Trainee: 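Below is the structure I would like to discuss, written out as structure tokens.
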Amino acid sequence: SDLYKYSFGPQERQLRSVLIHHKDWAKQTDLLNPRTIPEALKLIEKLHRSNQLEKAEQGYRQILEVQPQHPKALYGLSAIMQRKGEYASADDLLRYFLQVQPNDVKAWCSLGTLHQTQGHLTEAESAYRTLLSLSPAADVKFATYHSLGYTLEQQEKWKEAVDCYQRAKALKPENLETDVSLANAQHH
């Protein structure tokens, strides 16, 4: 029996290990153990925050090999792809993420920004409108109305742009940027 082992120590401890392979390391055939994903994710997010994007990308990809629908890995990898200028990959990852979590405000905001950055204005408009339909917090709603107004301006949809800026102004009446954007849209 193992009972005698417990008499030597006051408390039980579990040991954990996480191995994240870097693409330059020897080719590994082992997959990340699913039980270690939470710890691995902490390490990967730390790498991401410290701008070690290559290593973070590799880590996110290892998580996705084991759990292809892992939301944080999908979102993190999409952010890295966007930063690298690989917009099609970032778009694919965000869309897949939104199949997994269709009401995620942060992902809809990222998708809108991604499309706006590329000049895909109708797609950006659609993403921002979907985001607003999710009733986000006031700060997110303000930023979304402002971004949507700018997207509509770029499409010369002046009346709709004015409406968005007015809604943004109602949320933050003292915001100078909104005042300027609203005045410019009204002028047109």
Side-chain angles (χ1 to χ4, degrees), residues 15-121 123-128 130-131 134 136-151 154 168 172 175-178 181:
L15 299 177
R16 293 184 200 186
S17 65
V18 176
L19 179 61
I20 300 173
H21 303 289
H22 187 269
K23 73 179 186 180
D24 294 337
W25 297 344
K27 186 74 175 169
Q28 298 287 329
T29 56
D30 300 336
L31 290 177
L32 188 64
N33 184 326
R35 292 177 297 171
T36 64
I37 287 177
E39 291 299 317
L41 187 62
K42 287 178 189 175
L43 295 171
I44 294 162
E45 288 173 333
K46 186 175 180 179
L47 290 168
H48 192 162
R49 283 190 304 275
S50 66
N51 226 12
Q52 296 182 50
L53 301 183
E54 188 176 312
K55 291 179 181 178
E57 177 183 345
Q58 187 66 23
Y60 288 133
R61 289 188 186 282
Q62 287 179 23
I63 290 175
L64 293 172
E65 285 177 22
V66 178
Q67 291 183 358
Q69 294 185 334
H70 193 283
K72 287 185 177 183
L74 287 168
Y75 189 83
L77 185 56
S78 74
I80 291 173
M81 292 298 100
Q82 186 170 351
R83 190 144 173 214
K84 289 173 65 175
E86 295 181 23
Y87 299 127
S89 294
D91 185 271
D92 289 344
L93 288 160
L94 280 172
R95 288 183 187 279
Y96 189 56
F97 174 95
L98 287 165
Q99 289 175 9
V100 176
Q101 293 190 358
N103 296 327
D104 190 277
V105 168
K106 194 174 169 182
W108 281 110
C109 184
S110 294
L111 189 62
T113 302
L114 175 64
H115 287 299
Q116 191 172 27
T117 300
Q118 296 177 86
H120 302 158
L121 302 176
E123 292 91 344
E125 179 183 346
S126 176
Y128 290 139
T130 301
L131 172 54
L134 299 174
D139 282 350
V140 175
K141 190 179 283 190
F142 166 79
T144 304
Y145 275 126
H146 207 279
S147 295
L148 178 56
Y150 181 69
T151 300
Q154 291 177 304
K172 288 193 178 183
N175 188 281
L176 182 60
E177 185 179 353
T178 303
S181 297

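Computed from a predicted model, the values in this text were never measured in an experiment.
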Trainee: Classify the ring geometry of H120 against H115: parallel below 30°, tilted from 30° to 60°, perpendicular beyond 60°.
Mentor: tilted

Trainee: Roughly how far, to the nearest 0.5 Å, is CZ of F142 from OG1 of T144?
Mentor: 10.0 Å

Trainee: Could you walk me through whether E65 and R61 pass the salt bridge (charged side-chain N to carboxylate O under 4.0 Å, His left out) check?
Mentor: CA-CA 6 Å; E65 285 177 22; R61 289 188 186 282; over 6 Å; no

Trainee: For the pair S78 (side chain) and Y75 (backbone), establish whether a donor and an acceptor sit closer than 3.5 Å, ignoring hydrogens and angles.
Mentor: yes

Trainee: When you measure from the side chain of Q118 to the backbone of L114, do you find a donor-acceptor pair of N or O atoms at a distance under 3.5 Å?
Mentor: yes

Trainee: Using every non-hydrogen atom in the two residues, find where M81 and L93 come nearest and quote the distance to one decimal.
Mentor: CG-CD1, 3.8 Å

Trainee: Which heavy atom in V66 sits nearest to a heavy atom in L32, and how many Å separate them?
Mentor: CG2-O, 3.2 Å

Trainee: Assess, by modelled atom type and distance only, whether the side chains of T117 and Y87 contain a donor and an acceptor separated by less than 3.5 Å.
Mentor: no

Trainee: Are F97 and V100 packed together at the side-chain level, in the sense that at least one heavy-atom pair is separated by less than 4.5 angstrom?
Mentor: no

Trainee: How long is the gap from OG on S110 to CG on D91, to the nearest 0.5 Å?
Mentor: 11.5 Å

Trainee: Side chains of Q116 and Y128: any donor to acceptor distance under 3.5 Å?
Mentor: yes

Trainee: Rounded to the nearest 0.5 Å, what separation is found between the CD atom of Q62 and the CG atom of L64?
Mentor: 10.5 Å

Trainee: Atom CD in E54, atom CD in Q52: separation rounded to 0.5 Å?
Mentor: 10.0 Å

Trainee: Kindly compute the distance separating OG1 (T36) from NZ (K42), expressed to the nearest 0.5 Å.
Mentor: 12.0 Å

Trainee: Find out whether T178 and K172 are in side-chain contact, i.e. whether some heavy atom of one side chain is under 4.5 Å from a heavy atom of the other.
Mentor: no

Trainee: Atom CD of residue position E86 - does it have more than 12 heavy atoms of other residues, nucleotides or ligands inside 6.0 Å?
Mentor: yes

Trainee: Could you measure the distance from the NZ atom of K55 to the CD1 atom of I44? Nearest 0.5 Å is fine.
Mentor: 12.5 Å

Trainee: Answer yes or no: is there a side-chain heavy-atom contact under 4.5 Å between K72 and I37?
Mentor: no

Trainee: If you look at every heavy atom in S50 and L47, which pair is closest and at what distance?
Mentor: OG-O, 3.1 Å

Trainee: Nearest heavy-atom pair of Q82 and A90: which atoms, and what distance?
Mentor: N-CB, 3.7 Å

